[in-house]
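Quick notes on the structure that follows.
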Amino acid sequence: DFARTELLPGVIERDEKQIFPAEQVRKMGELGFLGMMVDPKYNGGGMDTISYVLAMEEISKIDASASVVMSVNNSLVCWGLEKFGTEQQKEKYLKRLATGEIIGAFCLSEPEAGSDATSQRTTAVDKGDHYLLNGTKNWITNGNSASVYIVMAQTDPDKKHKGINALIVEKDMEGFTVGPKENKLGIRGSDTHSLMFSDVKVPKENRIGEDGFGFTFAMNTLNGGRIGIASQALGIASGAYELALEYSKQRKAFGVEIAKHQAIQFKLADMATQIEAARMLCLKSAWLKDQKQDFSEAGAKAKLYASQVAMDTTVEAVQIHGGYGYVKEYHVERLMRDAKITQIYEGTSEIQKIVIARSLLK
Ligand code: CAA
């Protein structure tokens, strides 16, 4: 209901003009969508991951630019802070992040460290009571709209990935600059920026976990994040499918509704089957996480498959709409553009296959 009444109006304009859905995100916070799984004692919704998957699918059917804000805040920021943060960090940051009073960003990717995430060039030099942070982060979701940033940085290069720390950086810390907004193919309403850190003093109490825990923090957090992005891909696919189904029952060609032609029926049958399979993978990974079982392989499978289904389904939804599908008013071209990012962020499809294969072979 929220997606239809609050996100649908203006979604085409926000996409076209790259407008961040600030007002809509504020309302999502009020409804509890930004800290769904956080314990109520830290102002969260206290819900399970299954509920999160269901909500992510519905929001993503209409506006994937809004759902990526939701996904990053819930999975990569709130979850990581709640699981690994200190009590003081939870009081100071998590309580406000969970209500959406402020939103957060997760900063791992760099100009030369995307898939190869252990190759962090950003440095956090230990200066006793603080770290001195220098470097650049790329493709950061919520780059400008966030107030709190979890930044991975190398403290001890000799220790390779075991020398990386995860630091909580506030936007107004001296030496921190937000770069220009990226002009993207899809999810154009979300604000993606590069970030520059020049001698930013980050207090030691802002480190998450023990010294050198940063890479493990990032990997564990991304395991859960992948369930969120899989659900986003699922929503993009099911949104496109629902539009194609309705259109095919109205549009006539060769004397009948196009849904009466087998060429269209075959497409609808494939779409519905693949979407249901993707939904089951999303729900299974969420269920494993809720049961406190290992969910990294299941989450990677869900993301790998659901993102492929999002691509295939949205391309077919445009095809079913014919020429109408190629113009903005019918929404499916936007969903097709939005689908592509789900095969890239929080680990490309190739990275998901590596995660799955390593789990199978271990
Ligand atoms: N879960 C938990 N731990 C993991 C893990 C996982 N899925 N994958 C690796 N690790 C651990 C390993 O166990 C190892 O730890 P130990 O040395 O203590 O045993 C450590 O991480 C290093 O692992 P590897 O030696 O396997 O490292 P690698 O360099 O060969 O490969 C990788 C690691 C899996 C490829 C990893 O770099 C990776 O996941 N890359 C993709 C990064 C990514 O997803 N980036 C997304 C950016 S965030 C984003 O997109 C957010 C947004 O804006 C929407």
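Both counts, for ligands and for their atoms, begin at 1 and track the order of listing. Here, residue 1 is the first one in the sequence, and each next residue gets the next number.
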Step-by-step salt bridge (Lys or Arg N to Asp or Glu O under 4.0 Å) determination, Lys328 to Glu16: CA-CA 9 Å; Lys328 295 192 185 289; Glu16 202 167 334; 5.3 Å; no

Does the protein come close to atom 25 (O) of ligand 1 - that is, does one of its heavy atoms sit below 4.0 Å from that atom? no

Start with the C-alpha gap between Glu57 and Ser238, add the side-chain angles, then the distance that decides, and say whether side chain to side chain donor-acceptor pair (under 3.5 Å) holds. CA-CA 8 Å; Glu57 180 181 356; Ser238 56; 2.8 Å; yes

Using distance alone, determine whether Asp116 and ligand 1 share an N or O pair under 3.5 Å. no

In ligand 1, which numbered atoms sit nearer than 4.0 Å to a non-hydrogen atom of Gly114? 42 (C)

Exercise: do Asp48 and Ser51 side chains pair donor with acceptor under 3.5 Å: yes

Could you list which atoms of ligand 1 come closer than 4.0 Å to a heavy atom of Arg226? 39 (O), 43 (C), 44 (O)

Check this for me - ligand 1, Phe215, N or O atoms closer than 3.5 angstrom, yes or no? no

Residue Ser109 vicinity, atoms of ligand 1 by number, heavy atom under 4.0 Å: 47 (C)

Could you list the atoms of ligand 1 found under 4.0 angstrom from a heavy atom of Leu76? 51 (C)

Closest to atom 29 (O) of ligand 1 (heavy atoms only, candidates Val69, Asn220, Thr118) is Thr118

Suppose I only count heavy atoms of Leu222 and a 4.0 Å limit; which atoms of ligand 1 are within that range? 43 (C), 44 (O), 48 (S)

Can you see whether Gln308 engages Asp312 through a side-chain donor-acceptor pair at a distance of less than 3.5 angstrom? yes

Examine Thr141 against ligand 1 and note whether any of their N/O atoms are separated by less than 3.5 Å. yes

Under 4.0 Å from a heavy atom of Val72: which atoms of ligand 1 are those, numbered in the order shown and with their elements? 54 (C)

Heavy atoms only: which of Arg358, Met219, Met152 lies closest to atom 39 (O) of ligand 1? Met219

Does the pair Ser75 and Thr221 meet the rule for a side-chain contact (heavy atoms from CB on, under 4.5 Å), with working shown? CA-CA 7 Å; Ser75 298; Thr221 306; over 6 Å; no

Side-chain donor-acceptor distances from residues 202-210 under 3.5 Å, at least two apart:
unit_1: Lys204; atom_1: NZ; unit_2: Asp126; atom_2: OD1; d: 2.7
unit_1: Lys204; atom_1: NZ; unit_2: Asp126; atom_2: OD2; d: 3.2
unit_1: Lys204; atom_1: NZ; unit_2: Gly128; atom_2: O; d: 2.7
unit_1: Asn206; atom_1: ND2; unit_2: Tyr93; atom_2: OH; d: 3.2
unit_1: Asn206; atom_1: ND2; unit_2: Ile168; atom_2: O; d: 2.8
unit_1: Arg207; atom_1: NE; unit_2: Gly209; atom_2: O; d: 3.0
unit_1: Arg207; atom_1: NH1; unit_2: Tyr131; atom_2: OH; d: 2.9

Protein non-hydrogen atoms only, distance under 4.0 Å: does atom 13 (O) of ligand 1 have such a neighbour? no

Mind checking whether Glu350 contacts ligand 1 via backbone (N, CA, C, O), side chain (CB onward), both or neither, at a 4.0 Å heavy-atom cut-off? neither

Ser115 heavy atoms, cut-off 4.0 Å: which ligand 1 atoms fall inside? 35 (C), 37 (O), 38 (C), 40 (N), 41 (C)

Are Glu110 and Thr122 linked by a side-chain donor-acceptor pair shorter than 3.5 Å? yes

List, by chain and then residue number, the residues other than Tyr324 in its hydrophobic cluster (Ile/Leu/Val/Met/Phe/Trp/Tyr, side-chain heavy atoms under 4.5 Å); write none if there are no others. Leu234, Tyr241, Leu245, Tyr247, Ile258, Ile264, Leu268, Met271, Ile275, Leu281, Tyr305, Val309, Ile320, Val327, Tyr330

Quiz question for you: does at least one protein heavy atom lie closer than 4.0 Å to atom 37 (O) of ligand 1? yes

Candidate with minimal heavy-atom separation from atom 20 (C) of ligand 1, of Lys162, His161, Lys137: His161

Please work out which of the three classes, parallel, tilted or perpendicular, describes the rings of Phe176 and Phe197, given edges at 30° and 60°. parallel

Using a heavy-atom cut-off of under 4.0 Å, does the side chain or the backbone of Glu346 touch ligand 1, or both, or neither? both

Does only the side chain of Ala117 get under 4.0 Å from ligand 1, or the backbone, or both, or neither? Count heavy atoms. both

Would you call Ser119 and Glu112 a side-chain contact if the rule is heavy atoms closer than 4.5 Å? no

Can you find a protein heavy atom closer to atom 42 (C) of ligand 1 than 4.0 Å? yes

Between the side chains of Asp294 and Ser296, does any donor sit under 3.5 Å from an acceptor? yes

Testing the 3.5 Å rule here: is there a donor-acceptor pair between the side chains of Glu350 and Ser115? no

Does atom CD of Gln250 have more than 12 heavy-atom neighbours, drawn from other residues, nucleotides or ligands, at distances under 6.0 Å? yes

Starting from the C-alpha separation in whole Å, work towards a yes-or-no answer on side-chain contact (heavy atoms from CB on, under 4.5 Å) for Thr123 and Leu133. CA-CA 6 Å; Thr123 53; Leu133 185 66; over 6 Å; no

Looking at ligand 1, is there an atom of it that comes within less than 4.0 Å of some heavy atom belonging to Ile354? no

Considering only heavy atoms, does Asn223 approach ligand 1 within less than 4.0 Å through its side chain, its backbone, both, or neither? side chain

Counting from 1 in the order shown, the ligand 1 atoms closer than 4.0 Å to a non-hydrogen atom of Ile351 are 35 (C), 39 (O), 41 (C)

